[in-house]
K.L.:
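Can you keep this structure in mind? I'll have questions shortly.
Computed from a prediction, not measured in an experiment: that's the story for all the values here. Each residue takes its place number in the sequence, starting with 1. Indexing begins at 1, ligand by ligand and atom by atom, following the structure's order.
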Amino acid sequence: METNSGDKRMNLAVFSGRAHPDLARTVAARLEIKPGRCILADFPDHELNVAVLENLQGRDVFLIQPTQPPAADHLLELLLLADAARRAGAARLTAVIPYFGYARQDHRDETGKPVAARLIAELLSARFDRLMTVDLHNPAIEGFFAIPVEHLSAVKLLAKRLAPTAAEDTILVAPDLGAVKLAQKYARHLNLPVAYINKVRLSGEKVSVRGLIGEIGNRSAVVVDDMISTGGTILSAVDALLEGGARQPVTVAATHGLLTDRAQRKLADAAIGKIILTDSISPSANAHPAIERVSLARMIARTIQHMHESFRA
Ligand code: R5P
């Protein structure tokens with residue numbers, strides 16, 4: 001997306017890959033600029049066919065693409081767009097990745113495995129000047145990048161949406177030990193206590209609850225996590241909370257709603273009143289009826305604006 005105005009934004013251009021064009025359009029509209037023209041298609045042999053149809057000489061270019069499923073295709077499309085933009089003259093290139101896929105592969109939990117998050121960070125660092133992302137699964141991933149990272153958080157936005165339903169007896173719940181710091185962050189915004197679940201992952205889809213720390217009896221609970229993928233973590237948390245005497249229904253909040261098909265079905269049967277997510281990932285057509293979305297567009301647009309102010313062509 002590029003500007004056609006004569007103001008200081010004329011050096012700003014925003015492009016979208018195919019992962020989440022709606023979000024990119026909304027961000028561009030907030031910046032009062034027009035979509036950058038590009039080709040995003042597949043060749044007959046399924047190789048990606050990408051082309052930038054703008055002269056980007058000396059311009060500050062932002063490419064918006066969450067690396068949501070199919071993560072490999074979206075990542076490669078983003079890298080091809082970056083290469084095309086650079087060859088079209090872009091002076092500065094920023095990857096805007098609202099959801100950073102492969103983030104859970106941030107360490108070797110078994111020998112023989114790759115550290116995928118690091119590899120992807122290296123690939124992006126080789127093609128981009130800067131990265132903007134939202135609620136990385138593990139904040140330490142920022143250190144994998146050789147370029148500056150603008151790491152935004154949706155917690156404030158989500159907490160604001162939760163606030164009207166949060167009563168004095170509400171308790172925030174971290175569904176695993178990895179979510180403890182996140183839950184504490186919500187707690188600071190909402191001034192609520194936190195309970196913690198000790199979760200063990202048995203497989204990609206199966207988890208088991210080994211314990212719950214906190215006073216949850218007869219309280220309404222809000223489970224907070226960075227992402228919902230298969231829904232296994234949320235479901236086991238909801239079960240443990242109800243078993244422990246929490247009131248029904250449970251509210252859920254997460255930044256990234258990957259929501260595989262199975263997750264939709266599993267969550268539909270659970271005692272969940274509301275699922276609050278952001279639009280970091282494009283919503284699937286058959287989304288759970290209890291889902292409410294909070295848009296990241298304003299925050300992303302403001303950050304682009306802010307980052308662009310430091311640009312000197
Ligand atoms: C795990 O460390 C993450 O924070 C999420 O709890 C997890 O990835 C969610 O996955 P699922 O919905 O498949 O349980």
Side-chain angles (χ1 to χ4, degrees), residues 66-71 97-110 113 115-118 120 133-142 144 151-155 158 172-187 194-214 221-242 250-272 274-278 280-281 283-284 286-288 290-291 293:
T67 49
Q68 63 188 59
I97 307 182
Y99 166 70
F100 182 78
Y102 279 93
R104 287 174 290 179
Q105 295 187 43
D106 60 350
H107 65 287
R108 285 201 317 159
D109 52 1
E110 281 171 42
K113 293 244 178 133
V115 181
R118 168 137 208 159
I120 291 169
T133 190
V134 184
D135 287 336
L136 284 166
H137 170 64
N138 172 3
I141 290 172
E142 194 176 323
F144 293 171
H151 187 189
L152 308 178
S153 175
V155 170
L158 291 165
L172 293 163
V173 181
D176 57 30
L177 298 179
V180 170
K181 282 198 174 148
L182 183 74
Q184 288 167 344
K185 220 166 154 184
Y186 276 91
V194 178
Y196 311 100
I197 288 177
N198 182 8
K199 170 192 100 175
V200 178
R201 185 166 285 285
L202 306 173
S203 70
E205 215 167 321
K206 279 206 175 115
V207 298
S208 158
V209 170
R210 297 285 157 87
L212 198 157
I213 304 157
V222 179
V223 183
V224 294
D225 208 347
D226 61 322
M227 69 168 84
I228 307 174
S229 179
T230 66
T233 301
I234 294 299
L235 274 189
S236 59
V238 170
D239 287 347
L241 287 167
L242 298 184
V250 171
T251 301
V252 174
T255 304
H256 310 295
L258 282 164
L259 296 174
T260 61
D261 277 350
R262 278 173 194 261
Q264 308 270 6
R265 260 174 283 145
K266 278 194 273 181
L267 295 173
D269 297 335
I272 297 173
K274 215 185 262 186
I275 303 175
I276 304 176
L277 302 170
T278 75
S280 65
I281 288 165
S284 58
N286 56 345
H288 190 289
I291 292 175
R293 280 182 208 272

K.L.:
Between Asp135 and Ser153, do the side chains contain a donor N or O and an acceptor N or O under 3.5 Å apart?
P.N.:
yes

K.L.:
Distance under 4.0 Å to a non-hydrogen atom of Thr233: what atoms of ligand 1 satisfy this?
P.N.:
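With Thr233 as reference, the close atoms of ligand 1 come out as 6 (O), 7 (C), 9 (C), 10 (O), 11 (P), 14 (O).
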
K.L.:
Can you figure out which of Ser229, Pro175, Gly178 has its heavy atom closest to atom 12 (O) of ligand 1?
P.N.:
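It is Ser229 that holds the nearest heavy atom.
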
K.L.:
For the residue pair Ser280 / Gln68, report whether a side-chain donor-acceptor contact shorter than 3.5 Å exists.
P.N.:
no

K.L.:
Within ligand 1, which atoms have a heavy atom of Arg201 less than 4.0 Å away?
P.N.:
7 (C), 10 (O), 11 (P), 13 (O), 14 (O)

K.L.:
Just heavy atoms, cut-off under 4.0 Å: does Asp226 contact ligand 1 by side chain, backbone, both, or neither?
P.N.:
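Side chain only; the backbone of Asp226 stays clear of ligand 1.
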
K.L.:
Considering heavy atoms of the protein only, find what lies nearest to atom 13 (O) of ligand 1 and give residue, atom and distance to 0.1 Å.
P.N.:
Thr230 OG1, 2.5 Å

K.L.:
With nothing but distance in play, are any N or O atoms of Met227 less than 3.5 Å from an N or O of ligand 1?
P.N.:
no

K.L.:
Considering Lys199, Lys266, Arg104, which one's heavy-atom position lies nearest to atom 8 (O) of ligand 1?
P.N.:
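Looking at heavy atoms only, the winner is Arg104.
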
K.L.:
May I ask you to identify, for Asp176, whether its side chain, its backbone, both or neither come under 4.0 Å of ligand 1 on a heavy-atom basis?
P.N.:
side chain

K.L.:
Heavy-atom count around Tyr102 OH within 6.0 Å, excluding the residue itself: above 12?
P.N.:
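No, not enclosed.
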
K.L.:
Can you list the atoms of ligand 1 that are under 4.0 Å from a heavy atom of Asp225?
P.N.:
4 (O), 5 (C), 6 (O)

K.L.:
Assess, by modelled atom type and distance only, whether the side chains of Ser236 and Lys199 contain a donor and an acceptor separated by less than 3.5 Å.
P.N.:
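No.
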
